[in-house]
2 protein chains.
Amino acid sequence: MYSIGDVAEKMGISTSAIRFYDRKGLLPFVERDNAGRRKFKQNDLNFLEVINCLKKSGVPIKDIAHFIDLCMQGDGTLRERYDYLDHEEAALEQRIKKMKDQLDFLRFKKWYYKTSVEAGTEKIHFTPGTNVVNPGTKHQYQTALKNANDLYSLTNLNSKK
Amino acid sequence: MYSIGDVAEKMGISTSAIRFYDRKGLLPFVERDNAGRRKFKQNDLNFLEVINCLKKSGVPIKDIAHFIDLCMQGDGTLRERYDYLDHEEAALEQRIKKMKDQLDFLRFKKWYYKTSVEAGTEKIHFTPGTNVVNPGTKHQYQTALKNANDLYSLTNLNSKK
DNA sequence: GTACAACTTAAACCAAGGTTCAAGTCAACA
DNA sequence: TGTTGACTTGAACCTTGGTTTAAGTTGTAC
């Protein structure tokens with residue numbers, strides 16, 4: 001049996017967050033002692049692990065509450081719970097894919113600034129006589145990326161600090 | 001030259017969001033016509049692309065505003081801008097890594113429910129005589145994962161719908 | 001020459017996800 | 001038998017990232 005403080009420390013979240021989750025219906029299984037204090041069982045920590053995972057995956061609290069509600073209803077909702085997790089898995093995979101696209105773009109921009117720093121000026125990427133980035137710049141990067149034998153040195157400056 | 005409505009449509013964001021970003025200092029380069037209307041130049045769209053990327057990467061607006069501020073100061077801040085993007089790249093890589101950890105956990109839980117659905121009851125994962133998940137369950141999954149020749153069928157139910 | 005659509009602003013509003021505060025309860029230790 | 005320290009609650013508050021509203025301006029099309 002763990003107190004709210006024990007759980008907060010174990011899970012790396014604040015006690016006020018735990019109480020907030022309880023209010024929002026995420027912790028209907030938590031029991032109380034005679035004084036009204038929350039007493040967490042070992043199995044409750046398993047639930048908290050799932051809740052934490054879903055939260056970190058970007059699932060809104062009310063959706064998590066729905067899943068917990070299914071869990072409380074017993075074997076009749078097993079298939080529904082499976083489908084729910086299947087759905088969240090696909091959503092998370094999509095989110096990861098989009099993050100990777102952002103990463104690709106960030107690396108393009110790093111290349112842009114790496115080459116600018118090396119040249120001492122951003123002008124090397126401007127259309128001559130303007131302050132406007134050459135429309136072919138991204139394509140130039142993609143070509144360099146295709147031909148690169150060392151991806152790391154394409155976007156990273158050597159000098160430390 | 002593009003109006004705020006054109007840009008909203010092109011970038012897939014609302015006009016009110018664009019005005020909000022402007023208020024927050026993300027669009028200091030945008031000029032106005034005689035009537036005070038925003039006129040976006042081609043190069044402004046490049047900036048919006050960067051802003052969008054950073055936003056989708058989870059960077060708070062005031063941090064983005066700082067980067068834009070550096071951009072406005074000319075070649076003297078090139079190195080600082082490179083370092084900034086290098087930092088955001090690392091942060092994004094970390095975020096992706098954590099998402100992948102959540103994905104691994106979600107798949108464990110899918111396996112848990114897949115096997116429960118197949119058995120018709122969650123009890124197969126409980127310590128006999130209790131309603132508590134067997135502490136060895138996760139290890140059991142990890143062993144199954146190691147020995148699996150078909151990762152997909154380990155966590156996915158066959159039946160459609 | 002007037003009506004309309006698209007723009008402008010400031011200010012109010014909203015939702016999510018908590019945190020903080022005030023007032024009170026309790027168990028254990030000295 | 002106090003006095004801590006950890007807990008309880010409801011209510012107020014906060015931040016982020018916008019959206020909505022109200023009132024006004026302007027260029028263009030009829």
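Residue numbers begin at 1 in each chain, while the letters A, B, ... track the order of the sequences.
- For the pair B:I51 CD1 and D:dG18 P, the interatomic distance rounds to 12 Å; values are reported in whole Å.
- Rounded to a whole Å, the OH atom of B:Y2 is 18 Å from the C1' atom of C:dA6.
- Nearest to the side chain of A:K62, among C:dA16, D:dT16, D:dT26, sits C:dA16.
- Ring geometry, A:Y84 versus A:F67: the interplanar angle falls under 30°, so the pair is classed parallel (tilted spans 30 to 60°).
- Proximity of B:R32 to the phosphate of C:dT9: a side-chain N or O atom is located under 4.0 Å from OP1 or OP2.
- With D:dT19, D:dG27, C:dG17 as the choices, the nucleotide that has an atom nearest any side-chain atom of A:P60 turns out to be C:dG17.
- Atom CG of A:D33 and atom P of C:dC26 are 10 Å apart (whole Å).
- Positionally, the nearest nucleotide of DNA chain C for B:T15 lies more toward the 5' end than for the other of B:T15 and A:I61.
- Ionic pairing of A:K97 and A:E93 is not present here: no N-O contact between side-chain nitrogen and carboxylate oxygen is shorter than 4.0 angstrom.
- Between A:K24 and the phosphate of C:dA16, there is no side-chain N or O to OP1/OP2 separation shorter than 4.0 Å.
- Considering only side-chain N and O atoms, A:Y21 lies under 4.0 angstrom from the phosphate OP1 or OP2 of C:dG18.
- In this structure, A:S16 does not reach the C:dT20 phosphate: none of its side-chain N or O atoms is under 4.0 Å from OP1 or OP2.
- Aromatic ring pairs are classed by plane angle as parallel below 30°, tilted from 30° to 60° and perpendicular above 60°; the pair B:F29 and B:F47 is parallel.
- Across the protein-nucleic acid pair, B:I4 atom CD1 and D:dT26 atom C1' stand 16 Å apart, rounded to whole Å.
- Under a cutoff of 6.0 Å and an axis angle of 45°, B:K109 and B:Y112 form a cation-pi pair.
- With D:dT19, D:dT26, C:dT9 as the candidates, the nucleotide lying closest to the side chain of B:R19 is C:dT9.
- Across the protein-nucleic acid pair, A:N34 atom CG and C:dC26 atom P stand 10 Å apart, rounded to whole Å.
- Ring geometry, A:F105 versus A:F108: the interplanar angle exceeds 60°, so the pair is classed perpendicular (tilted spans 30 to 60°).
- If you take NZ of A:K55 and P of C:dG17, they are 8 Å apart, rounded to a whole angstrom.
- For B:R38, taking side-chain heavy atoms from C-beta onward, the closest of the listed nucleotides D:dT26, C:dA27, C:dT9 is C:dT9.
- Checked against C:dA27, C:dT19, D:dG18, the side chain of A:R37 finds its nearest nucleotide in C:dA27.
- Distance from the side chain of A:F20 is smallest to C:dG17 among C:dG17, C:dT9, C:dA27.
- Atom P of nucleotide C:dT8 and atom CD1 of B:I18 are separated by 9 Å, given to the nearest angstrom.
- The separation between B:D63 atom CG and D:dG17 atom C1' is 14 Å, rounded to whole Å.
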